[in-house]
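Have a look at the structure below, then the notes.
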Amino acid sequence: MTATGRRLGVFTRLPSYFGAAAGLSITAIPAGKPDGAVVVVPGSGDWWQGMLAARDQGAAAVIIADPRMLPRQIPDAGSWRADIPVVVDRPRLRPDVVANAVQARRGHQARAITVECAAPAAELEAVASDGFGWIRSLGEGPLELRATGSATHGRICLMDVQSAGASLPATLAGTALGGGGGPGGLLQVLALGEVRTEVVVDQPAGSVRVETSTADGITKAAERYESPARLALRRALDSWRSGEPAADLEELLADQALARELLQAPRNQDV
């Protein structure tokens with residue numbers, strides 16, 4: 001479905017999205033029912049069933065807000081058959097921040113990528129999933145897991161990224177934090193090569209840093225002030241108007257499958 005010059009309703013119970021809709025008042029208005037609206041599905045529960053329900057209730061588009069791991073087997077993206085766009089709000093993997101990091105490399109392919117992630121045990125799978133997303137984005141290709149096992153303080157995996165006819169090595173290490181702490185997690189991403197990219201996402205502190213090092217020096221990406229909710233809503237509206245589906249859902253499911261394989265693999269294997 002495409003549309004031009006029409007405001008679309010937003011059906012949500014999440015306060016952050018009420019504010020986001022208000023900030024996009026020219027193009028979005030609150031809606032009292034899912035039919036014909038952008039439906040925001042909280043990612044804290046079984047968001048897959050919430051997404052199916054939104055489709056069955058006539059949603060024009062769906063946003064999955066900060067999805068956690070599903071409490072069952074990861075579904076196949078091909079099982080989602082719908083002519084409505086799905087946008088995924090992943091605060092640790094914002095598409096605008098990813099675009100900044102990729103564009104700053106100016107086409108230089110990474111030679112190796114490492115990711116370290118840490119979070120409370122209940123959130124580690126979701127944080128690791130976003131770590132895999134960063135590897136896929138900076139490596140600009142699909143991931144193939146080679147080995148998983150135990151590390152000193154958690155779990156680690158080795159993988160290859162298939163990019164531009166070449167295969168580059170990547171690693172991801174995940175650590176479960178004890179003692180509670182704030183919600184969210186920490187990610188440190190390093191893409192090495194002729195150009196060095198460093199990304200640090202500190203979700204509890206609400207900070208994101210992207211630095212690119214070249215022979216000319218170090219540049220820092222400008223801070224993004226748009227909230228994740230507003231960005232996701234704006235992307236959903238754009239996708240609905242253009243009729244061009246986002247790849248968010250397929251990428252999310254692929255990343256989550258890798259995260260589940262990492263954290264549920266037998267622990268008697270050292271990498």
- Could you tell me whether the side chain of Thr171 reaches within less than 4.5 Å of the side chain of Cys157, counting heavy atoms only? no
Do Trp134 and Val98 pass the side chain to side chain contact (heavy atoms under 4.5 Å, CB included) test, and can you show the C-alpha distance, the side-chain angles, and the key distance before you say yes or no? CA-CA 8 Å; Trp134 271 107; Val98 170; 3.7 Å; yes
Exercise. Got Leu168 and Gln162 here, is their nearest side-chain heavy-atom distance under 4.5 Å?
Worked result: no
Exercise for review: Would you check if Ser207 and Val201 make a side-chain contact, meaning some heavy-atom pair closer than 4.5 Å?
Suggested key: no
Between the CZ atom in Arg136 and the CG atom in Leu258, the distance rounded to the nearest 0.5 Å is 9.5 Å
**Study point:** Pro67 vs Leu252 side-chain heavy atoms within contact, under 4.5 Å
**Key:** yes
Okay, side chain of Asp130, backbone of Gly133: is any donor-acceptor separation there less than 3.5 Å?
-> no
Looking only at heavy atoms, the pair that brings Leu262 and Thr148 closest together is CA-CG2, 4.3 Å
Discussion item. Looking at Arg90 and Asp66, is any side-chain nitrogen of the basic one under 4.0 Å from a carboxylate oxygen of the acidic one?
Written reply: no
The residue among Ile63, Ile84, Thr12, Val62 that forms side-chain contact (heavy atoms from CB on, under 4.5 Å) with Val38 is Ile63
The reported gap from CZ in Phe132 to CD in Glu261 (rounded to nearest 0.5 angstrom) is 8.0 Å
- Evaluate the criterion side chain to side chain contact (heavy atoms under 4.5 Å, CB included) for residue pair Gln256 and Glu125; output intermediate values, then yes/no. CA-CA 7 Å; Gln256 288 196 340; Glu125 277 188 317; over 6 Å; no
Check your understanding: Is there side-chain contact between Leu187 and Val200, with at least one heavy-atom pair below 4.5 Å?
Key -> no
Rounded to the nearest 0.5 Å, the CG atom of Leu138 sits from the CZ atom of Arg105 at a distance of 7.0 Å
So OG1 of Thr197 and CD1 of Ile113: to nearest 0.5 Å the spacing works out to 8.5 Å
Open item on the list: With heavy-atom distances below 4.5 Å as the criterion, would you say the side chains of Ser239 and Glu244 are in contact?
Closed with: no
Nearest heavy-atom approach of Glu140 to Ser163 is O-OG, 3.4 Å
d(Ser129 OG, Leu93 CG) to nearest 0.5 Å is 8.0 Å
Nearest heavy-atom approach of Leu70 to Pro75 is CD1-CD, 3.4 Å
Given side chains that start at C-beta, do those of Glu194 and Gln109 come closer than 4.5 Å, heavy atoms only?
no
Checking Thr212 against Arg196: is there a side-chain donor and acceptor pair closer than 3.5 Å? no
Here the pair of heavy atoms bringing Cys117 nearest to Leu172 is SG-CD2, 4.0 Å
So CZ of Arg230 and CZ of Arg235: to nearest 0.5 Å the spacing works out to 14.0 Å
Note, Glu223 side chain near Arg209 side chain (heavy atom, < 4.5 Å)
no
Closest non-hydrogen atoms of Arg68 and Trp47, given as atom of the first, atom of the second and distance, are O-NE1, 2.9 Å
Query - Intermediate values then yes/no, side chain to side chain contact (heavy atoms under 4.5 Å, CB included), Lys220 and Val210 - result: CA-CA 6 Å; Lys220 296 183 179 181; Val210 179; over 6 Å; no
Heavy-atom donor-acceptor pair, Asp89 side chain to Ala65 backbone, under 3.5 Å: no
Inset, instruction - Return yes if a side-chain donor-acceptor contact under 3.5 Å exists between Gln188 and Glu198, otherwise no. - result: yes
For Tyr17 and Ala229, the nearest pair of non-hydrogen atoms, with its separation, is CE2-O, 3.4 Å
Does the pair Leu190 and Glu116 meet the rule for a side chain to side chain contact (heavy atoms under 4.5 Å, CB included), with working shown? CA-CA 9 Å; Leu190 290 175; Glu116 296 182 28; over 6 Å; no
